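One structure is given below, encoded as structure tokens.
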Amino acid sequence: MQQKMVLKVQMNCEKCRTQALRIAAAAQGTGVTHMPIQGKEKDELMVTGDEVDSVKLTRCLRKKLHHATILTIEEIKEEKKEEKKDDEKYTPPYYVCYPPYPMPPQIMVQDPCQSQACSIM
């Protein structure tokens, strides 16, 4: 059961934002998966995760940052993928492979003037 909660937190500086993100990442539960900072004034923290305790998270934020309020809590329902029917045959993807371009034959050309040794000295 994934939850999405939006918390209004007093974050006036970059240090406060970093501290709020650290507290949210260490929240009790089986795992926080996503935690962006949003809102017009960058004062809302959206935390998404499995079984995250919103009350304990809010208490920790209040203890460190002095002001935190729960705005919304929602459950995220996962969409079930449709299973393929066994009646349909599997068809491999169609790929077009062209043979490599033939390389022109290597032709060695020698200048006849360079092959004769010059004997003027």
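Everything quoted here is computed from the prediction, not taken from an experiment. Along the sequence shown, the residues carry numbers beginning at 1.
Residue M11 is grouped with residue M35 when hydrophobic side chains (ILVMFWY) are merged at heavy-atom distances under 4.5 angstrom, including chains of intermediate members. Using a 4.5 Å cut-off between side-chain heavy atoms of Ile, Leu, Val, Met, Phe, Trp and Tyr, with links allowed through other members, I70 and V52 fall into the same hydrophobic cluster.
Checked by atom type and distance alone, the side chain of T58 never pairs as donor or acceptor with a backbone atom of A68 at under 3.5 Å.
Of the inter-residue distances, the one linking K4 atom NZ with T33 atom OG1 reads 11.5 Å to the nearest 0.5 angstrom. Taking CD of Q10 as the start and CG of L61 as the end, the distance is 12.0 Å to the nearest 0.5 Å. Considering CD1 of I23 and CZ of R62, their distance stands at 13.0 Å, rounded to 0.5 Å. Separation of atoms NZ (K8) and CG (D43) is listed at 4.0 Å; rounding is to 0.5 Å. For the atom pair CE of M5 and CG of D53, the computed distance is 7.5 Å after rounding to the nearest 0.5 Å. Considering CG of L57 and CG of L7, their distance stands at 5.5 Å, rounded to 0.5 Å.
At least one side-chain heavy atom of L65 sits under 4.5 Å from a side-chain heavy atom of Q19. The closest side-chain heavy-atom distance from Q38 to V6 is below 4.5 Å.
Residue K42 forms a side chain to side chain contact (heavy atoms under 4.5 Å, CB included) with just one option from V9, N12, I37, and that option is I37. The only member of V47, L45, V32 that meets side chain to side chain contact (heavy atoms under 4.5 Å, CB included) when paired with L21 is L45.
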